[in-house]
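Just below is one structure, and these are the notes that go with it.
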Protein chains: 2
Amino acid sequence: MNDSPRRRELTRLAAQLFVQEGFDRTTVRMLAQEMGIKSGSLFHHFRDKQEILCAVIEEGTQNALAIAREALEACASTPEARLHAMARAHLETLLTDRNAHVVALYEWRRLDAESRAHLSHLRDAYEALWQEVVGDALEAGLIHGDKFLVSRFVLGALNWTVRWYDPEGSRTPEELARELIAMITPPAR
Amino acid sequence: MNDSPRRRELTRLAAQLFVQEGFDRTTVRMLAQEMGIKSGSLFHHFRDKQEILCAVIEEGTQNALAIAREALEACASTPEARLHAMARAHLETLLTDRNAHVVALYEWRRLDAESRAHLSHLRDAYEALWQEVVGDALEAGLIHGDKFLVSRFVLGALNWTVRWYDPEGSRTPEELARELIAMITPPAR
DNA sequence: TGTTTACACTAGCGCTTGCTTGGTTATGCT
DNA sequence: AGCATAACCAAGCAAGCGCTAGTGTAAACA
């Protein structure tokens, strides 16, 4: 019941369906068909439908966390570079792992109590990373305001992009990140 | 089938249930019970379940639009005052009409094609208002960046507040609006 | 060679869903 | 008084839901 390569693949397919139809409207039969098996076979890989949702969100969040940490290690250590790296990493995960993140954003409330508690820790770790980077930028005088408030405003702006951002359009995540950081930092430095 | 006072009341109750349970998990029987009638009677007021969702979102959006327009008329005509008035109005609607807005944010995709088309116009009108105010602030040199991009970033930051903002907490919408505007405007003016 | 393990199948149980039907009661106008 | 209309109810249909039980099969291991 733990994670096999097959389960990974199924989780990816499930994420896609959850985005298209929403969690509640996605039936186990639809999931099974998309996976090329019968509905009964699905419960060999997942205990119940809830566990599929949990798996989708967990993988998405874990990827986001990993990518953010890599980005921080790879970039320069100036507060501005770190801020930019975080924003860019966030936007890139939002694209490469789009389905999982849309599910995490829109179907969070369908999680039962224990799944939610488990995943909350992951999400909190990610937000703590943001607060750390934002805090450093504040101390350096790069931006101004309250650490938690700024973190939340920025995360909101970034997450909202899934509503309007078109990957086929002219802007890259790199540019988008730069424009966001430019918006909250004074023009003359 | 059009809007009676009773229908208004029912719409308000529906919004509350949709927030608690989500649209798909809210059954017509739950709706009816909350309204103090039997499930069959529900279809005297609404053609089908979809129409209830549509009514909830329509009223929320129309209120937001009205309140934003009032706020703009009531405030000073400087770009900064107008920006602040819009942010504050948005946060206040998000509070007073919280249920309807949460539904609009999270259950938008459950709308069928025609409802969505109808409501898109309302939403576009609201966003156009923001773009106008942001555009003026840009021309006045108050903020910098792209008109559409800034509008979307700001709207994202504001809408995200429904995830974390606690009305019982120490911050008022007024303060929150001020802090957001401060974040995107250079400190020295 | 015999046994285990992983994965899939068929069949269907018990329950809930949105919505309809056909009829009853309350309100208010003429 | 007579009538129209709005609001409601009890009962239930057809479809679909998540999930279970029991079985088959092919590869991996002893």
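Below, chain A is the first sequence line, B the second, and so on; all start at residue 1. Predicted model, so just to flag it, every value in this text is computed and none were measured. Computation of the quantities below employed the complete heavy-atom set of this structure, encompassing side-chain atoms and omitting hydrogens, waters and symmetry-equivalent molecules.
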Please report, rounded to the nearest Å, how far the [atom2] atom of [N] is from the [atom1] atom of [X].
X	N	atom1	atom2	result
B/Lys49	C/dT17	NZ	C1'	9 Å
A/Met35	C/dC9	CE	C1'	17 Å
A/Phe43	C/dT10	CZ	P	16 Å
B/Leu42	C/dT21	CG	P	17 Å
A/Arg6	C/dC7	CZ	P	9 Å
B/Arg110	C/dG18	CZ	P	14 Å
A/Phe46	C/dC7	CZ	P	11 Å
B/His44	C/dT27	NE2	P	15 Å

Main-chain N/O of [Y] paired with [X] side-chain donor or acceptor, under 3.5 Å:
X	Y	result
A/Glu80	A/Ala137	no
B/Tyr126	B/Ala68	no
A/Arg178	A/His84	no

Exercise. Can you run down the side chain to side chain donor-acceptor pair (under 3.5 Å) pairs that involve residues 147-160 of chain B, sequence neighbours left out, and say none if there aren't any?
Key: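 Listed by first then second residue: B/His90-B/Asn159.
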Quiz item: Taking only residues two or more places apart in sequence, or in another chain, which ones meet B/Arg12 in a salt bridge (Lys or Arg N to Asp or Glu O under 4.0 Å)?
Solution: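 For B/Arg12 the salt bridge (Lys or Arg N to Asp or Glu O under 4.0 Å) partners, ignoring immediate neighbours, are B/Glu9.
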Quiz prompt | Side-chain N or O of B/Arg47 closer than 4.0 Å to phosphate OP1/OP2 of C/dC19 | solution =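 For C/dC19, neither OP1 nor OP2 has a side-chain N or O of B/Arg47 closer than 4.0 Å.
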Quiz item: Residues two or more places apart in sequence or in another chain: which of them pass side-chain hydrogen bond (donor to acceptor under 3.5 Å, both in side chains) with B/Arg123?
Solution: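 For B/Arg123, no residue satisfies side-chain hydrogen bond (donor to acceptor under 3.5 Å, both in side chains) once neighbours in sequence are set aside.
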Quiz item: If every non-hydrogen atom of B/Arg29 is compared with every non-hydrogen atom of B/Ser39, which pair is closest and at what distance?
Solution: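 Minimum heavy-atom contact is CG-CB, 3.9 Å.
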Quiz item: Should B/Leu158 and B/Phe148 be regarded as members of a common hydrophobic cluster, given that ILVMFWY residues are connected when their side-chain heavy atoms come within less than 4.5 Å of each other, either directly or indirectly?
Solution: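 No, B/Leu158 does not connect to B/Phe148 through the hydrophobic network.
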Practice problem: With a 4.0 Å heavy-atom cut-off, tell me which residues in residues 15-29 of chain A come close to DNA chain C, sorted by residue number. | Solution: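 DNA chain C contact set from residues 15-29 of chain A: A/Arg29.
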Please output the side-chain donor-acceptor pairs of residues 52-63 of chain A that fall under 3.5 Å, not counting sequence neighbours, one pair per line with the distance.
from, atom 1, to, atom 2, distance (Å)
A/Glu59, OE1, A/Arg8, NE, 3.3
A/Thr61, OG1, A/Ile57, O, 2.8
A/Asn63, ND2, A/Asp97, OD2, 2.8

Practice problem: Please find the earliest and latest nucleotides of DNA chain D, in the 5' to 3' direction, that have an atom within less than 4.0 Å of any heavy atom of chain A. | Solution: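 Listed 5' to 3', the contact boundaries are D/dC17 to D/dT20.
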Self-check item: Nucleotide nearest A/Lys38 (side chain, heavy atoms from C-beta), chosen from C/dC19, C/dA8, C/dC9
Solution: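 When the side chain of A/Lys38 is considered, C/dC9 is the closest of C/dC19, C/dA8, C/dC9.
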